Protein chains: 2
Amino acid sequence: MAAMANKAQRAPRRTEALSRDVIVQAAVAILDAEGEEALTLRALTVRLATGYGAIYHHVADRDDLLGAAADHVIGRVVADIGGVADPREALRAVAMGLFDAIAAHPWVGAQLTREPWRPALLDVYESVSANLHALDVPERAVPDSAGALVNYILGVAGQNAANARALAASKLDRETFLANVAARWAQLDPVRYPAMHKAGRHLREHDDREQFLAGIDLILAGIAAVNHT
Amino acid sequence: MAAMANKAQRAPRRTEALSRDVIVQAAVAILDAEGEEALTLRALTVRLATGYGAIYHHVADRDDLLGAAADHVIGRVVADIGGVADPREALRAVAMGLFDAIAAHPWVGAQLTREPWRPALLDVYESVSANLHALDVPERAVPDSAGALVNYILGVAGQNAANARALAASKLDRETFLANVAARWAQLDPVRYPAMHKAGRHLREHDDREQFLAGIDLILAGIAAVNHT
DNA sequence: AGAACTTTGGATCGTCGCTCCAATCATGCT
DNA sequence: AGCATGATTGGAGCGACGATCCAAAGTTCT
């Protein structure tokens with residue numbers, strides 16, 4: 001019996017699983033600290049004090065690694081939410097969770113738009129669909145409604161990632177960067193671009209997070225309106 | 001007089017403007033024919049039978065070129081629409097125009113999510129804002145509403161681009177590729193992933209374009225519902 | 001005609017993702 | 001115990017990329 005227990009203990013795969021996880025964590029650390037394009041295979045070998053072979057043994061290629069890193073971050077978000085009872089609040093919680101995660105790790109936004117259908121996004125899609133179902137949305141209207149919500153979230157995610165890239169590339173602090181953007185918009189011809197011109201003058205009072213949530217509520221209102229006319 | 005007419009003809013800038021345009025058109029041709037990653041500077045020098053210096057003289061860098069190519073395609077879409085009177089129909093026309101353009105040139109979708117705030121997107125934003133205004137959406141609700149629409153469009157754009165990339169990478173024809181996706185989804189655990197599991201079995205009857213338009217109508221309904229409760 | 005400037009082609013650089021292989025290490029078998 | 005088999009590692013090297021740079025060719029103005 002003891003012999004059989006030892007046999008079961010050998011667990012040769014643990015090293016691999018452990019190592020892939022270590023690599024993914026290192027990748028997330030680099031991505032968070034220095035951004036998307038700083039994640040090079042060379043940087044990884046330096047940080048992990050290893051060679052290419054070791055990394056490529058656990059990871060298929062750079063895209064695989066980026067995807068795994070995104071799953072790592074998004075997975076936590078979805079897991080952290082489960083317990084919200086009211087479906088409407090649950091939907092807002094999922095959306096806000098994703099928004100906050102992407103605000104904290106902008107590279108995730110870019111990765112999500114580059115590769116939707118990652119495992120982590122499947123959970124998001126399921127969660128949204130389930131909550132819509134709980135909101136009494138008719139079965140056949142669920143896919144379109146869920147698609148609207150998820151695509152909106154992905155759109156905002158991409159935009160946040162792009163903004164973060166631009167901010168990083170400018171090497172300015174957030175304040176002056178936003179001031180520059182506002183100035184450029186305010187300079188637009190107010191006849192040809194009235195809305196953008198105006199937006200340039202109100203950018204100071206603008207809150208991305210609030211606007212995002214307003215969009216979610218708008219879509220939820222639309223779902224409600226369409227379904228019990 | 002003839003001499004002065006000749007003098008006026010010199011037009012030293014025409015060569016530059018013409019050349020930048022030629023380069024952008026060549027880039028679009030390559031992108032359409034072989035996809036995003038086939039647009040290398042080397043491929044461009046071959047196609048244009050020139051060297052790096054000539055290209056870099058007219059174009060800042062690869063990103064500049066990609067952006068200009070996207071503007072080139074999107075610009076036509078916005079220009080082609082102007083004449084729709086009914087604001088609701090105009091909004092749908094803008095959205096469908098973008099959708100069709102991105103379906104025809106998937107790389108544009110990726111570029112749009114990577115670099116929003118391109119000139120071409122400003123026109124889109126303006127058009128959407130103006131039409132919302134015409135729909136009697138209150139002034140202060142316009143930015144949020146326009147943001148919801150544009151971000152949704154960008155989300156779908158990114159997704160289309162990702163799907164096109166996956167399709168191209170698989171080297172399968174569209175039919176069997178979709179069948180594979182459907183099969184993979186249908187294989188998902190129907191308890192943990194009921195919605196995706198079900199979607200896998202109905203993918204055949206699914207029309208991206210219809211679903212996209214349904215999302216637009218959903219958001220428009222939400223805008224209407226929120227604003228005259 | 002010649003000076004000043006623009007435009008062009010291509011050699012070259014540094015970096016990237018990735019492959020490949022020799023070495024090291026762990027494991028199971030006899 | 002000792003060997004063999006396979007997993008794991010480090011790093012040299014490859015081809016391709018974006019980008020720079022400069023000498024040659026062309027153009028425009030004096």
Side-chain angles (χ1 to χ4, degrees), chain A residues 2-24 26-27 30-31 34-69 107 110-111 114-115 165 169, chain B residues 2-24 26-27 30-31 34-69 107 110-111 114-115 165 169:
Chain A
M4 290 192 77
N6 280 338
K7 234 178 184 177
Q9 258 192 11
R10 55 184 139 134
R13 304 189 65 215
R14 228 191 64 175
T15 323
E16 188 193 339
L18 201 63
S19 251
R20 181 177 163 105
D21 205 57
V22 166
I23 294 174
V24 169
I30 293 178
L31 288 163
E34 307 175 65
E36 205 158 346
E37 59 207 14
L39 179 67
T40 69
L41 270 292
R42 278 164 183 31
L44 258 187
T45 61
V46 172
R47 176 177 263 265
L48 294 173
T50 180
Y52 299 96
I55 292 175
Y56 275 95
H57 185 73
H58 297 285
V59 153
D61 54 16
R62 188 173 182 267
D63 282 347
D64 181 27
L65 185 56
L66 274 168
W107 54 271
Q111 187 55 24
R114 270 186 59 81
E115 281 199 44
R165 255 197 314 270
Chain B
M4 288 192 77
N6 280 339
K7 233 179 184 175
Q9 261 189 9
R10 57 183 138 134
R13 305 191 64 215
R14 229 190 63 176
T15 323
E16 187 193 339
L18 202 63
S19 251
R20 181 176 163 105
D21 204 57
V22 166
I23 293 175
V24 169
I30 293 177
L31 287 164
E34 307 176 64
E36 206 158 345
E37 59 207 15
L39 179 66
T40 70
L41 269 293
R42 276 156 173 61
L44 257 187
T45 61
V46 171
R47 177 177 263 264
L48 294 172
T50 180
Y52 298 96
I55 292 175
Y56 275 97
H57 189 260
H58 297 286
V59 154
D61 55 16
R62 190 174 181 267
D63 282 348
D64 181 26
L65 186 56
L66 274 169
W107 53 273
Q111 187 57 25
R114 271 187 62 82
E115 283 199 42
R165 254 197 315 269

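It should be emphasised that the depicted structure is a prediction, and the values quoted were computed from it without experimental measurement. In what follows, chains carry the letters A, B, and so on, assigned in the order in which the sequence lines appear, proteins first and then strands, with residues in each chain numbered from 1.
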Novice: Distance check needed: D/dT8 P versus A/R20 CZ, whole Å only.
Specialist: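 Roughly 14 Å, once rounded to whole Å.
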
Novice: If you define the side chain from C-beta out and look only at heavy atoms, does anything of B/D64 sit under 4.5 Å from B/R20?
Specialist: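 In short, these two side chains touch, coming nearer than 4.5 Å.
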
Novice: Rounding to a whole Å, what distance do you find between A/Y56:OH and D/dT9:C1'?
Specialist: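 For the pair A/Y56 OH and D/dT9 C1', the rounded distance is 15 Å.
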
Novice: If the cut-off is 4.0 Å, is A/H57 near the phosphate of D/dT9, judged by side-chain N/O to OP1 or OP2?
Specialist: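 For D/dT9, neither OP1 nor OP2 has a side-chain N or O of A/H57 closer than 4.0 Å.
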
Novice: Establish, with yes or no, whether the OP1 or OP2 oxygen of C/dG10 is under 4.0 angstrom from a side-chain nitrogen or oxygen of B/Y52.
Specialist: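 No, outside the criterion.
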
Novice: Please identify which of these residues, B/D61, B/V24, B/V59, B/L31, meets the side chain to side chain contact (heavy atoms under 4.5 Å, CB included) condition with B/L66.
Specialist: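 Looking at B/D61, B/V24, B/V59, B/L31, the match for B/L66 under the side chain to side chain contact (heavy atoms under 4.5 Å, CB included) is B/L31.
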
Novice: How far apart are the closest heavy atoms of A/R114 and B/R165, and which atoms are they?
Specialist: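 Smallest heavy-atom distance, with atoms named: O-NH2, 2.8 Å.
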
Novice: Just how far, in rounded Å, is P of C/dC18 from CD of B/E37?
Specialist: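 Distance check: B/E37 CD to C/dC18 P gives 11 Å.
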
Novice: In whole angstrom, give the distance that lies between atom CG of A/L65 and atom P of C/dC18.
Specialist: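 Checked: the CG to P distance equals 10 Å.
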
Novice: Grab the CD1-P distance between B/I30 and D/dG18 for me, whole Å please.
Specialist: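 Atom-to-atom, B/I30 to D/dG18, this comes out as 11 Å.
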
Novice: Taking all non-hydrogen atoms of both residues into account, name the closest pair between A/A38 and A/I30 and its distance.
Specialist: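 Between these two residues, the closest heavy atoms are O-CG2, 3.7 Å.
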
Novice: Distance check needed: D/dG18 P versus B/L39 CG, whole Å only.
Specialist: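 Whole-Å distance recorded here is 8 Å.
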
Novice: Rounded off to whole Å, could you give me the CD1-to-P distance for the A/I55 and D/dG11 pair?
Specialist: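 Those two atoms, CD1 and P, are 12 Å apart.
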
Novice: If each of A/R42 and A/A49 is mapped to the nucleotide of DNA chain D with the nearest heavy atom, which maps nearer the 5' terminus, i.e. the 5' end?
Specialist: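 Its nearest nucleotide being more 5', the pick is A/A49.
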
Novice: For the pair made of CG in B/L66 and C1' in D/dG18, what is the distance, rounded to whole Å?
Specialist: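 Nearest whole value for this atom pair: 12 Å.
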
Novice: Examine C/dT8: is either OP1 or OP2 under 4.0 Å from a nitrogen or oxygen in the side chain of B/H58? Give yes or no.
Specialist: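 Indeed, a polar side-chain atom of B/H58 lies that close.
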
Novice: Of the options D/dA19, C/dC18, D/dC17, whose atoms approach the side-chain atoms of B/T40 most closely?
Specialist: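 Of D/dA19, C/dC18, D/dC17, D/dC17 is nearest to the side chain of B/T40.
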
